[in-house]
Each structure stands twice: as C-alpha cells, then as structure tokens.
Protein chains: 2
Amino acid sequence: MSATTSTVPAWAARVDPCDAACPSREMLDLIGDRWSLLVLLVVGRGVRRNGELKRHIGGISQKMLTQTLRALEANGLVTRHDFATVPPHVEYALTPLGMTLGDALGPLFHWIETYHGAVVQARGDYAVRQAEAA
Amino acid sequence: MSATTSTVPAWAARVDPCDAACPSREMLDLIGDRWSLLVLLVVGRGVRRNGELKRHIGGISQKMLTQTLRALEANGLVTRHDFATVPPHVEYALTPLGMTLGDALGPLFHWIETYHGAVVQARGDYAVRQAEAA
DNA sequence: CTGAATCCGCTTGGATACTG
DNA sequence: CAGTATCCAAGCGGATTCAG
C-alpha cells in the first residue's frame, strides 16, 4: 500500500466508471433497471412460464415482463423455449451464465435482508434532521 | 438433483419479490437507477468533492450527481460534510453502512469483469440467430 | 466551488386492444 | 396462453441559468 490516496476498499478498485467504454457501464445499465434483477431472481427460483412470472412479480406489466425477458435472453442470461403448441407453451430458464450472475448477486440480496432495517432507520433520522433544520 | 421444481439456488431463496412490502423492492429501486452504484463506487474510492466526482463519473450532470448523493445520504449510505467556508467546500464519504453495501457489491463487480466477454459474445450469437430466423 | 432552479425532450413504462 | 402494437402520461435526466 503506497501513501497518498491508497485507502481504497478492494471492491472499489475493480472497475473504472471514468471510462465510458468500461464494461461496468453497459452491465450496470443492463441490471440497473426496475425489473431485471427481479425477473432474474424469480426465473432462478424455477418459475418458468409467462403467466406464472407475471403473477409472481407483483406489479409488473406484460410489456415489461416480455421486454425484460428478451433483454436477458439477448445477453445470454436466460433461455426461451417455445414448444410451438396450441395453446402456446413457452418456458424460460437461467443459462449457466445467468446462474453465475445469480451467485454474484447473492451477497447483495443478503445485504438487503441484513441492513434493510438500518436503512429505514437512517431514512427516519434524516427526515428528522431535515425537519429540525427547517 | 431431485425431480420437480425443488432445485432452487440458494441465492434465489433469500428475498420475496412477490411481496410488494418486501425490502427487496425499495432497496432494488434505490440502487436500480443509472447513477447510484457508480456514485457509491467512486465515493468509496475516496473521491470526496463535488467537482471531482463530476469529473470522475463521465457523463453525469450536476443535477443527477446532487440528486443521487442526496438520495444516498438520505438512506444513510454517504455522509455530507459542509465546511461552510468561502469558497464553498463540501466533502462526501461513505458511512460504515455504505461500506458494507460496497462489500456486498464486490462479487457483482467481479462478475462483470469476469463475464463481460461472455455477455458480449452471447449478444452477438443472439443477433446472428435473429438474422437467420428472419 | 457547490448547488438550486428552470425548461424541456426523450425515454420509460402502464393500460388497452388485438393476434395466433 | 403468450405476445405484439399502439397510445399516452409521468418522470428521468440533460443543458442552461442563477445564487451564495
């Protein structure tokens, strides 16, 4: 560790957002929307069919579900299997690549569980501080 | 591997997106925007001042930088220290809570580095498949 | 230097109706 | 059941301007 600015956490040194061409940008865009992580999660749970997914992910519209699934498919994270039957039957599943992403997301979900309470409280404290300042 | 649906990855069992009141929803919303993760990352790197941050995070506007910092502050992830001097001097830093989130994001950043190439290739393959189908 | 405030275009995303 | 297409409102977010 050298002197100057060096106290950089390990996790912060890995990507370079300064560079617009950096993978972090487009990858962050892919998962940085309202539904991708949720869909990834539920598909990872083994929910495979369109209707089931829509019922499981409360609040998602058909449009966004399809759109999100297509994006995930286009990026090699989920597979889409159309049985070409009548009535239609389509099944989605995670690819091996998608599963590795799921694994990488594990700590994040764990953090959410663990620290959600702390965030809520911090939010309350902040609101109080704002009120006092005003 | 058992037969029916039971093969649920460990990471997929942790949160319940079905429940609109589930922490996963609001937490996912907080980080699921264009800039939050980036700002969190750069602040984690020790970049503390407004101007520096804007220069480091290519493409971010003053408006979004301030807005994002305020949101992170309101959720207890970063601190804002105003030195109340002329000219103005303000410094941002991660809270301990913010650092734990950074830690939880480490595997995700690592995944991005590791599998970015695979995603790009998958994207190419998908495009080819689309072209052939058409 | 830090940042608040305004204007405004573009995208996001929901509701609905329609197809196979 | 699965999915597309269209319409349209809301808000995200950038550029600019003003202030302390």
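Numbers restart at 1 for each chain; the letters A, B, ... are given by sequence-line order, proteins then strands.
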K.L.:
Should we say atom CD of A/Gln121 is surrounded by more than 12 heavy atoms from elsewhere, each under 6.0 Å from it?
P.N.:
no

K.L.:
Of the candidate nucleotides D/dG3, C/dG20, C/dT2, which contains the atom at the shortest distance from the side chain of A/Pro88?
P.N.:
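Nearest to the side chain of A/Pro88 among the choices is C/dG20.
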
K.L.:
Sequence neighbours excluded, which residues qualify as side chain to side chain contact (heavy atoms under 4.5 Å, CB included) partners of B/Arg70?
P.N.:
A/Tyr126, B/Thr66, B/Glu73, B/Arg80, B/Tyr92

K.L.:
By nearest atom, which of the nucleotides C/dT2, D/dC1, C/dG3 is closest to the A/Pro87 side chain?
P.N.:
D/dC1

K.L.:
Can you check the A/Arg70 CZ to C/dT12 C1' distance for me, whole Å?
P.N.:
19 Å

K.L.:
In residues 73-83 of chain B, which ones come under 4.0 Å of DNA chain C, going by heavy atoms?
P.N.:
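Those residues are B/Arg80.
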
K.L.:
May I have the distance from A/Asp29 (atom CG) to D/dG13 (atom P), rounded to whole angstrom?
P.N.:
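Interatomic distance, CG of A/Asp29 to P of D/dG13: 10 Å.
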
K.L.:
If we only count heavy atoms from C-beta on, is the B/Thr68 to B/Leu38 side-chain gap below 4.5 Å?
P.N.:
no

K.L.:
Rounded to 10°, tell me the angle between the two end axes of the helix from C/dC1-D/dG20 to C/dG20-D/dC1, each built from five pairs.
P.N.:
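Angle reported: 40°, given to the nearest ten degrees.
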
K.L.:
Could I get the full list of side chain to side chain contact (heavy atoms under 4.5 Å, CB included) partners for A/Met99, not counting sequence neighbours?
P.N.:
A/Leu94

K.L.:
Please step through side chain to side chain contact (heavy atoms under 4.5 Å, CB included) for the pair A/Leu41 and A/Ile57, ending with a clear verdict.
P.N.:
CA-CA 10 Å; A/Leu41 182 75; A/Ile57 305 173; over 6 Å; no

K.L.:
Grab the N/O contacts between the protein and nucleotides 13-19 of chain C below 3.5 Å, and write none if there aren't any.
P.N.:
| residue | atom | partner | partner atom | Å |
| --- | --- | --- | --- | --- |
| C/dG13 | N7 | A/Lys63 | NZ | 2.8 |
| C/dG14 | OP2 | A/Ser61 | OG | 2.8 |
| C/dG14 | O6 | A/Lys63 | NZ | 2.4 |

K.L.:
How many whole angstroms separate atom CZ of A/Arg48 from atom P of D/dC1?
P.N.:
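Distance, rounded to whole Å: 18 Å.
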
K.L.:
Donor-acceptor pair, distance only, cut-off 3.5 Å: does the side chain of A/Thr95 make one with the backbone of A/Gly98?
P.N.:
yes

K.L.:
Going by atom types only, do A/Gln62 and A/Asn50 share a side-chain donor-acceptor pair under 3.5 Å?
P.N.:
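Side-chain D/A pair, A/Gln62 to A/Asn50: present.
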
K.L.:
Taking atom CD1 of B/Ile31 and atom CG of B/Leu40, what is their separation to the nearest 0.5 Å?
P.N.:
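If we round to the nearest 0.5 Å, B/Ile31:CD1 and B/Leu40:CG are 9.0 Å apart.
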
K.L.:
Using the side-chain hydrogen bond (donor to acceptor under 3.5 Å, both in side chains) criterion, which residues pair with A/Asp125? Sequence neighbours excluded.
P.N.:
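A/Asp125 satisfies side-chain hydrogen bond (donor to acceptor under 3.5 Å, both in side chains) with no residue once adjacent residues are dropped.
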
K.L.:
Send over the distance from A/Leu65 CG to D/dA2 C1', rounded to a whole Å.
P.N.:
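Those two atoms, CG and C1', are 10 Å apart.
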
K.L.:
Go through the side-chain N and O atoms of A/Asp103 and A/Thr100 and say whether any donor and acceptor fall under 3.5 Å apart.
P.N.:
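Not at all, the side chains of A/Asp103 and A/Thr100 share no donor-acceptor pair under 3.5 Å.
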
K.L.:
Checking side-chain contact (heavy atoms from CB on, under 4.5 Å) between A/Ile112 and each of B/Arg25, B/Glu26, B/Met27, which is the one that passes?
P.N.:
B/Met27

